[in-house]
Structure formats: C-alpha cells, structure tokens
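Residues take their numbers from the sequence shown, with the count starting at 1. Below, each value reflects all heavy atoms present in this structure, side chains not excepted, and no hydrogens, waters or symmetry copies. Please read all numbers here as calculations on a predicted model, not as lab measurements.
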Amino acid sequence: MPNFEPALVVSRDGTLAFRVQQEGAGRTVGGAEVTHLIFLSEDPQQSSSVVTLGVMFGLVGTGLVNSLGLPDSQSARTTALADSATGDHLDRHGSPFGRANYPPIQCDGAFVESLTKRAPAPELVARQYMRAKTWWAWKLDAGQALFAHSDALRLGVKLKTLQKLAEEEIGHLWKMVTQDYGAFNLTAQPALRKIDPRKRGPLVLGALVDVRPLLSAPRYSAATFHLNEAFKYAEVLDAPDLTNAAREGINALEALAKVVARESGTLGEIVKELRKQNRLHPSLAACLGALWGYTNEEAGIRHAGTESPTVKPAEATLAMNICAAAMLYLLEIDKT
C-alpha cells in the first residue's frame, strides 16, 4: 500500500490542501486493498477527517498503466496512482470536513483510463498548481513540497515539464532539490509566502488556448509579441492584470489579421475586408465585429477610459480564447 506520510494533497486550483496520513494497515475488500486516510485540517478546531481509499489488485501491471511512463517499481507506481486519485477526488468533491458521507476514493481501471485520455494542463494552470502546493507545504509545516509522478498525472504533463517550469523560479519563489525518477522538492521563499492562494480568485475561469507555437514564422512576429504580453499580464501571480491581458490578446489578433488580409487599419476594418474577399464567413465576421465593439465600448480595454477598468476573469478568459480561436482560423486561411 502507498506511503502517505508525510503526504500533502492540494486541489488543482490551489484553494484546498491537507496533510494526509495512512491509518493502520490496509485490508482486502473484494478485489481491492482498502485503507483509511486521515485528512489533517489546518484549523485547530477540526482535528481530522477519515476518508476511504480503495486500490484494485493487479492495477499497476495493466497495459494502461504501462503507457503512463511511471517508474518500474510496483510500489512507486501504486503510490503515484493512489496519490493522483486522492488529489482528483479532492477536486471533484471538495473538503471532507463536515460531511458525514464523503464518497470513497476509487483507484481502479476507469480512473487509470481517464488518466490516459487527460489533456495536458496549460502552462498557466501548471504554474499555479506548483506555486499553491509549495505555499501550502510552508503553511502547513509540511516541509518541502514534493512533486512526483502523481502531480504530473493530475496535470496531464510529463514530470520533466514541471521540473523545467520550476527551474525558472529558483531563487525567487523557491529553492529546489531534485530526487530519483525525476521527482523534485520545492521550498517556499519569502516572495511566495506572501501570497495566499485561498484569498485570490482564479486567474482565469478556464484554460487559456495558447496558439504561440503556431506563430514561429517571422511574418507573425508582431502577433507573437502581443500574445506574449497577454499571457504575461494574465500570469502575474498575486495581481493578474486582466484588462491588459484582454487588450493584448485583441492586439495579437489584429496584428495577425493585418498579415493575413495584407491590409492596414483596425481589426474592425480588416474583418470587413476579409468578408469582401470571401475569406471570412458572414457569421464569423459578425462575431469578430462584436468582439471589436466590446473592446471599444468597455472602459480601459482598447482605449483609455474615464472609468476604472472592470474586466472580470470570465471576460478576460472569453476574450482571449475567442481571439485564440480566431487566430487559428486566420492561420488556416493564410495557407490559401
């Protein structure tokens, strides 16, 4: 059975975290080994909550598990699967405290199959997850935050991808120590300790579509510049600038549209030109025209307004992803 002590389980959005330890030995129930996990609360008024975990026998030797790129050790594989199932369960069901019938955690074939189909988390989400887990490790006196294969499985990325992202913030947000099998530990530095992931809203309400890998050609350099700026504003850890994120996303779309249409002018004018060229469906032209209208009407987005910008996370997410979808379309018609 996996060793959960001193384990730390954190929700993907970083708002929930618990130290988890195993209670006693596991026992056989049907075709699974079942154990109880003790979730320890940070609130001294709530000492603990017990959650049941079941891991199916023979799970680690299946072809699906072999495809996940886990270590060869059976115990390491079991730990990775059980830890990731525990984290996913927290995402779906929230805190177990104050709930009489908290559902059991099922680590079975269906769960492993879901891991093989998981889409990679955007870089923004991966960064936010690592920052939150490292902060919680400090907050809960859990020592260093361990990042291993279970974290990679939950995010749908390779462990070396997480390590590469972590290396960018060494000396600023954390100290880093690598381990066997590519795992690594992060220790929060003062800059990270000032940020409480429970008190800030999400940077975005959903994942941001990132089309920058498709803009490598020199002719798209202006669009790339603005899109880099958009993500920079959106990814500020403690105070994301959603107004500038939306603005730069739209600037990126406009820059790409100029290249595709071989025209200068505003996005609104270029959309009309593409419509005249029969390169843009009327309904899609209307959609982009509406986006252009929004940017000009909402104070502070396209032009400086007399009112303070009031862009909400949902609006920034919608605007940036509409721009990304439109850029994908423009890149396609630019091939013709």
Do you know the tightest heavy-atom contact between Ala246 and Ala319?
CB-CB, 4.4 Å
The reported gap from CG in Leu330 to NZ in Lys258 (rounded to nearest 0.5 angstrom) is 13.5 Å
Would you say that Ser95 contacts Phe18 through its side chain, given a criterion of any heavy-atom pair below 4.5 Å between the two side chains?
yes
Do Glu229 and Lys232 pass the salt bridge (Lys or Arg N to Asp or Glu O under 4.0 Å) test, and can you show the C-alpha distance, the side-chain angles, and the key distance before you say yes or no?
CA-CA 5 Å; Glu229 290 294 295; Lys232 182 183 73 175; 3.1 Å; yes
Let me confirm one number: the OH-CE distance from Tyr220 to Met327, rounded to the nearest 0.5 Å.
9.5 Å
Tell me if a side-chain donor or acceptor on Ser221 pairs with a main-chain N or O of Pro218 at a distance below 3.5 Å.
yes
Should we count CZ of Arg262 as having more than 12 external heavy atoms under 6.0 Å?
no
Counting C-beta onward and ignoring hydrogens, is there a side-chain heavy-atom pair between Leu68 and Thr116 closer than 4.5 Å?
yes
Quick check against the 3.5 Å criterion: does Asn228 have a side-chain atom that pairs as donor or acceptor with the backbone of Phe225?
no
Judged by atom type as modelled, is there a donor-acceptor pair below 3.5 Å linking the side chain of Ser48 to the main-chain atoms of Ile38?
no
Pro197 and Trp136: which non-hydrogen atoms are nearest, and at how many Å?
CG-NE1, 3.7 Å
Can you check whether Gln21 reaches Leu40 side chain to side chain, under 4.5 Å on heavy atoms?
yes
Determine whether Gln163 and Glu167 satisfy the following criterion, side-chain contact (heavy atoms from CB on, under 4.5 Å), listing intermediate values before the conclusion.
CA-CA 6 Å; Gln163 182 174 343; Glu167 289 171 350; 3.5 Å; yes
Under 3.5 Å, side chain of Arg118 to main-chain N/O of Arg154, donor-acceptor pair present?
yes
If you apply the rule side-chain contact (heavy atoms from CB on, under 4.5 Å), what do you find for Thr86 with Leu90, and how did you get there?
CA-CA 6 Å; Thr86 303; Leu90 184 65; over 6 Å; no
Without swapping roles, check the side chain of Trp174 against the backbone of Ala166 for a donor-acceptor pair under 3.5 Å.
yes
Do any N or O atoms from the side chain of Glu254 and from the backbone of Leu267 form a donor-acceptor pair under 3.5 angstrom?
yes
Value rounded to 0.5 Å, distance of CG in Leu280 from CZ in Arg275:
8.0 Å
When rounded to the nearest 0.5 Å, the distance separating CD1 of Ile105 from NE2 of His89 is 5.0 Å
Using 0.5 Å steps for rounding, measure from the CZ atom of Arg19 to the CG atom of Asp141.
7.5 Å
Answer whether the closest heavy-atom distance between the side chains of Gln189 and His172 falls below 4.5 Å.
no
With a 4.5 Å heavy-atom cut-off, do Leu214 and Leu328 have their side chains touching?
yes
Would you say that Leu288 contacts Leu274 through its side chain, given a criterion of any heavy-atom pair below 4.5 Å between the two side chains?
no
Tell me whether the rings of Trp138 and Trp135 are parallel (<30°), tilted (30 to 60°) or perpendicular (>60°).
perpendicular
Is it the case that one hydrophobic cluster holds both Ile170 and Met130, taking links as side-chain heavy atoms less than 4.5 Å apart, direct or via other members?
yes
Whether Arg77 side chain and Pro71 backbone form a donor-acceptor pair below 3.5 Å
yes
Nearest heavy-atom contact between Val10 and Ala17 is CG2-CB, 3.8 Å
Within a strict 4.5 Å, meaning less than it, do heavy atoms of the Leu59 and Val112 side chains meet?
yes
Using atom types as modelled and distance alone, determine if a side-chain donor or acceptor of Lys139 lies under 3.5 Å from a backbone N or O of Arg193.
no
Kindly work out whether a path of hydrophobic side-chain contacts (I/L/V/M/F/W/Y, heavy atoms less than 4.5 Å apart) joins Val209 to Ile333.
yes
Counting only N and O atoms by type, is there a donor-acceptor contact under 3.5 Å from the side chain of Arg12 to the main-chain atoms of Asp91?
no
Carefully, step by step, assess Thr134 and Leu173 under the rule side-chain contact (heavy atoms from CB on, under 4.5 Å).
CA-CA 9 Å; Thr134 306; Leu173 295 182; over 6 Å; no
Taking every non-hydrogen atom, the tightest pair across Asp13 and Ser11
OD1-OG, 2.7 Å
Side-chain heavy atoms under 4.5 angstrom apart, residues restricted to Ile, Leu, Val, Met, Phe, Trp, Tyr: same cluster for Val50 and Phe97?
no
Check the angle between the aromatic planes of His93 and Tyr102 and answer parallel, tilted or perpendicular using the 30° and 60° thresholds.
perpendicular
Over 12 foreign heavy atoms within 6.0 Å of CD, Gln277
yes
Looking only at heavy atoms, what is the nearest atom pair of Asp334 and Arg279, with distance?
CA-NH2, 4.3 Å
Reported CZ-to-OG1 distance for the pair Phe57 and Thr78, which is rounded to 0.5 angstrom:
10.5 Å
Any link between Val211 and Val260 through a network of hydrophobic side chains (Ile, Leu, Val, Met, Phe, Trp, Tyr) touching at under 4.5 Å?
yes
Using the rule that two of Ile, Leu, Val, Met, Phe, Trp, Tyr join whenever any of their side-chain heavy atoms come within less than 4.5 Å, decide whether Val177 and Leu8 are in one cluster.
no
Using only atom types and a distance under 3.5 Å, with no angle test, would you say the side chain of Asp108 pairs donor to acceptor with the backbone of Met56?
no
What heavy-atom pair brings Leu146 and Lys133 nearest, and what distance separates the two atoms?
O-NZ, 2.7 Å
